[in-house]
Amino acid sequence: MIRQFGITEFWFIVAAVQWTLALSAVAFAGGAVGGMAIALARVSEIKPLRYSALAIIRFFQGTPLLMQLFLAFFGLRILGVEINPWIAAAIALTAHASAFLGEIWRGCIEAVPKGQSEASWALGIGYYDRMVSVVLPQAARIAVAPTVGFLVQLIKGTSLASIIGFVELTRAGQIINNATFSPFTVFGIVAALYFILCWPLSLLATRMERRFAVATRR
Amino acid sequence: MTTTSDPGGRGDLKAGVPAVTMKDVDKWYGSFHALKDIDLTVARGEKIVVCGPSGSGKSTLIRCINQLETVEKGTITVEGIELTAGPKNVEKIRRDVGMVFQQFNLFPHMTVLQNCMLAPMKVRGTTKADADATARKYLERVRIPEQADKYPAQLSGGQQQRVAIARALCMNPKLMLFDEPTSALDPEMVNEVLDTMIDLAQEGMTMLVVTHEMGFARKVADRVIFMDRGEIVEVGEPESFFSNPKHERTRTFLGQISH
């Protein structure tokens, strides 16, 4: 029997936004930590560190996010770890975000002029203080816009977690559609909700980019 | 800056340990021989001007002294500590060797005062109050105390370079390196920076200066070094160096810059 699409169904979909947001937040927070580690490894003077970070980045850039989710979900099962979709999705997206943020932030760190590090070295400032007080604050200003841009990609990317059975926005839409057979309405609403999440962030990214352009021009 | 044992003087090793000793130093960039068999001793309190055509290795030479460049061969000793012996020594010596760059390299996200306070606090562990007092003292000395709370981008090139000098002085260095400090400046700002450097020289600071400002060299230098193609071609006291250069290459160079 086919259910009517009504207010209950609508709220079911809207309520799933929280899971999309939760997954995005976990992946972004984890990705920020992992991304910083990867970015620092990429600009390190220690060769093995540089190359392992590069290998991680290449792997995540060169494979689809969906495969990364499958690998986390099924791979850990093969290893005998019983894993629920929520954890698998969180692990896969965190690793994914780490690699991409790592590469974005490496670029930002390298965009800070060499002279800044040379001045720090010449003053006897060590690695930690050079990074924390001199290089990273300058890299951060460049990083804001592309980071917010990546966050938008990440939020949309969480929709793939629906395939391993994690009930977030997209999966909720599928469930409702299976019951109501009104795909256009259902996925129209799902798309609209993604847009509401992502659009303000895109605007923010553009504004920050413009502000940075002004700031560097003076 | 402490008043050194040999204010403004010739040095002549009488002050004991020389400030800098470079022995048989060679450096390559790939196949390019950047420094060839450099031997140089700088006495405490001595002021040395290094000149030469671009690509002659003069910047590389002074950048080796605080190991912004590493060398492939030879030994470099600064204040009795051998730099080429390991990274620990490098860290130690960088605290005592101030450097001023062509492009100033001030930290753009910090105020002038913060620029001057960072290294003393982080490297020497100076308290905030002391670092602040020291910074203001040296900003006074380079004659821009009123700019303390501005950001580098709000200052003129000459002012920025004077801040860079003050920043280096805040570490209380035993030796100052200047890498073409006036080359990036508009002509009208060159003198304010040179005057600051002359003051510093008169206070007895040991200085190695890469510059084409020959007026400065005449006035301040104990010795002028001419480099070409990675070699020290000629070393002399300013009078004889300028009026009676021994080498053909030196004559050609001086002819080119002084018309």
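Proteins get letters first, then strands, A, B, ... in listed order; numbering begins at 1 in each.
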I'd like to know which of B:C170, B:A119, B:A164 tops the heavy-atom pair count under 4.5 Å against chain A. B:A119
Contact leader toward chain A among B:R167, B:Q103, B:R95, where contacts are heavy-atom pairs under 4.5 Å: B:R167
[X] versus chain A, heavy atoms under 4.5 Å apart: side chain, backbone, both or neither?
X      : value
B:R63  : side chain
B:F107 : both
B:L177 : neither

Within a strict 4.5 Å, meaning less than it, do heavy atoms of the A:D129 and B:V123 side chains meet?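 Sidechains of B:V123 and A:D129: no contact.
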Does atom [atom1] of [X] have more than 12 heavy-atom neighbours from other groups under 6.0 Å away?
X      : atom1 : answer
A:F59  : CZ    : yes
B:W28  : CH2   : yes
A:E45  : CD    : no
A:Y128 : OH    : no
A:R77  : CZ    : yes
B:K122 : NZ    : no

If you look at every heavy atom in B:H109 and A:P137, which pair is closest and at what distance?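 So the minimum-distance heavy-atom pair works out to CD2-CB, 3.6 Å.
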Residues of residues 87-125 of chain A with any heavy atom under 4.5 Å of a heavy atom in chain B: A:G115, A:Q116, A:E118, A:A119, A:S120, A:W121, A:A122, A:L123, A:G124, A:I125
